[in-house]
Asker: 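Please find one structure pasted underneath; my questions will follow.
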Amino acid sequence: MIIYGDYGSSSTRRVLTVLRHLKVEFELRVVNLSAGEQKKPEYLTLNPNGAVPAMVDGSMILFEASAIMLYIAAQYPSSLLPDGRAYFDTIKWMFWAAEHFRRGHTDLIEERFIKRAHQLEEDDRISAHAEASIHRYAAVLNEHLSNRRFVVGDSPTLADIDLAAPLSHLRRTRAPYDKYPHVASWHNRLLSEMPAWRETGELLEQRLSEMEARHSKVPAGERRVELARQAG
Ligand SMILES: N[C@@H](CCC(=O)N[C@@H](CS)C(=O)NCC(=O)O)C(=O)O
């Protein structure tokens with residue numbers, strides 16, 4: 001199995017976490033987002049959106065991190081994708097993560113990380129809208145986690161990974177989480193009980209710090225190419 005991605009991408013992180021957790025052998029081909037490699041014609045044949053990750057496994061080609069995670073989980077059955085009712089609960093929270101929970105975070109990444117790297121002004125109206133969305137859905141997640149160890153049952157599933165992904169960028173987005181203690185406890189639990197989540201977080205942080213250090217040396221006019229919406 002070949003994964004195309006960048007360690008600095010939280011969507012790539014979701015897939016790498018599943019593979020590492022299940023100890024599945026894979027090859028990572030780095031698509032360097034700083035260099036805009038996700039827009040190269042040869043990569044666009046794998047993911048026409050010009051975004052990471054993508055997967056090739058024999059004749060199977062997939063984009064969308066959640067689809068790749070589900071594909072891997074189907075090949076290697078485990079508690080990450082439980083059976084029966086818990087299966088549908090897992091899928092429900094994965095859809096909810098994509099449709100609702102992650103959206104405000106994506107906007108804040110654009111406003112407070114990507115734009116800053118391009119020396120562009122943050123649009124306060126977009127950030128305020130994003131924060132309102134984060135509050136709306138973080139309150140739902142916080143309540144759900146008030147009496148649960150993980151999102152579905154007592155051990156992590158793909159849903160926990162999909163929901164935790166945007167927290168990868170909290171240091172940069174300054175997303176408003178002070179009021180959501182159950183979300184914070186759950187994320188700490190995930191970090192301590194799922195080593196693969198912790199390890200991919202360290203790799204992501206290291207990669208983003210490298211990118212930031214490099215960008216600070218690049219003249220402002222050239223930064224647009226350097227940082228092409230890489231955080232996700
Ligand atoms: N919904 C997609 C999101 C993919 C995405 O936006 N990836 C970001 C990195 S996390 C990316 O490649 N951005 C580069 C770009 O859009 O140019 C997924 O889950 O795979």
Side-chain angles (χ1 to χ4, degrees), residues 1-19 26 28-57 60-73 80-81 90-91 93-118 120 130 133 137 157-173 175 197 200-201 203-212 215 223-232:
M1 182 180 300
I2 303 169
I3 302 296
Y4 293 79
D6 187 309
Y7 286 114
S9 138
S10 63
S11 300
T12 303
R13 182 185 181 190
R14 286 150 60 200
V15 171
L16 297 185
T17 299
V18 173
L19 288 164
F26 66 99
L28 179 74
R29 295 208 183 148
V30 173
V31 178
N32 184 342
L33 294 176
S34 310
E37 287 179 2
Q38 74 279 21
K39 308 296 182 205
K40 286 193 169 171
E42 57 270 30
Y43 181 71
L44 292 175
T45 62
L46 301 178
N47 186 347
N49 301 292
V52 291
M55 182 209 80
V56 178
D57 187 29
M60 188 73 191
I61 301 176
L62 284 176
F63 57 82
E64 282 301 316
S66 297
I68 299 170
M69 292 158 73
L70 286 165
Y71 175 84
I72 299 163
L80 287 183
L81 188 59
T90 304
I91 299 288
W93 285 108
M94 290 174 82
F95 276 103
W96 185 81
E99 292 272 355
H100 304 295
F101 188 67
R102 284 202 302 265
R103 288 174 61 176
H105 297 87
T106 304
D107 288 343
L108 278 193
I109 289 166
E110 179 72 24
E111 292 305 316
R112 296 190 176 157
F113 176 39
I114 310 296
K115 278 192 171 176
R116 188 167 51 79
H118 294 163
L120 295 170
S133 166
Y137 296 113
T157 64
L158 298 184
D160 294 276
I161 298 170
D162 266 5
L163 288 163
L167 306 188
S168 306
H169 297 300
L170 278 192
R171 196 161 75 76
R172 291 169 181 83
T173 58
W197 182 248
T200 54
L203 290 168
L204 177 141
E205 198 47 51
Q206 192 183 327
R207 168 76 174 131
L208 291 188
S209 300
E210 277 166 20
M211 282 176 172
E212 284 173 328
H215 296 146
R223 284 185 201 170
R224 185 169 294 279
V225 186
E226 275 273 306
L227 257 177
R229 287 183 54 83
Q230 75 272 55

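Whatever order the structure lists ligands and atoms in, that order sets their numbers, starting from 1.
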Asker: Below 3.5 Å, N or O to N or O, backbone or side chain included: is there any such pair between R102 and ligand 1?
Answerer: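 No; the residue has no nitrogen or oxygen that sits under 3.5 Å from a nitrogen or oxygen of the ligand.
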
Asker: Please report the shortest heavy-atom distance between L163 and A97, naming the atom on each side.
Answerer: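 Closest approach of L163 to A97, heavy atoms only: CD2-CB, 3.5 Å.
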
Asker: Go through ligand 1 atom by atom and flag the ones less than 4.0 Å from a non-hydrogen atom of G50.
Answerer: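 Answer, ordered by atom number: 15 (C), 16 (O), 17 (O).
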
Asker: Minimum heavy-atom separation for A51 to Y43, with atom names?
Answerer: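 A51 and Y43 have their closest heavy atoms at O-OH, 2.7 Å.
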
Asker: If the cut-off is 4.0 Å to any non-hydrogen atom of A65, which atoms of ligand 1 fall inside it?
Answerer: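 Numbered from 1, ligand 1 contributes 18 (C), 19 (O), 20 (O).
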
Asker: Within a distance under 4.0 Å of any heavy atom of K39, pick out the atoms of ligand 1 and give their elements.
Answerer: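 Answer, ordered by atom number: 15 (C), 16 (O), 17 (O).
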
Asker: Would you tell me which option among A51, S10, A98, S66 has the nearest heavy-atom contact to atom 6 (O) of ligand 1?
Answerer: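 The residue whose heavy atom sits nearest atom 6 (O) of ligand 1 is A51.
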
Asker: Quick check on F95: does its CZ atom have over 12 non-hydrogen neighbours (other residues, nucleotides or ligands) under 6.0 Å away?
Answerer: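 Result for CZ/F95: open.
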
Asker: Please determine if P53 has a nitrogen or oxygen closer than 3.5 Å to a nitrogen or oxygen of ligand 1.
Answerer: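 By distance alone, the answer is no.
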
Asker: If you measure only the distance, is there a donor-acceptor pair under 3.5 Å linking the side chains of Y71 and D57?
Answerer: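 Yes.
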
Asker: Please give me the minimum heavy-atom distance between G5 and L28, naming the atom from each residue.
Answerer: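 Result for this residue pair: N-CD1, 4.1 Å.
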
Asker: What atoms of ligand 1 come closer than 4.0 angstrom to any heavy atom of R14?
Answerer: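 Taking each heavy atom of R14 in turn, ligand 1 has 19 (O) under 4.0 Å.
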
Asker: What about Q38: any of its N or O atoms under 3.5 Å from an N or O on ligand 1?
Answerer: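 The answer is yes, given that Q38 and ligand 1 share an N or O pair closer than 3.5 Å.
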
Asker: Could you check whether R172 pairs with E205 (Lys NZ or Arg NE/NH1/NH2 to Asp/Glu carboxylate O, under 4.0 Å)?
Answerer: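 Here R172 pairs with E205 in a salt bridge, since their nearest N and O are under 4.0 Å apart.
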
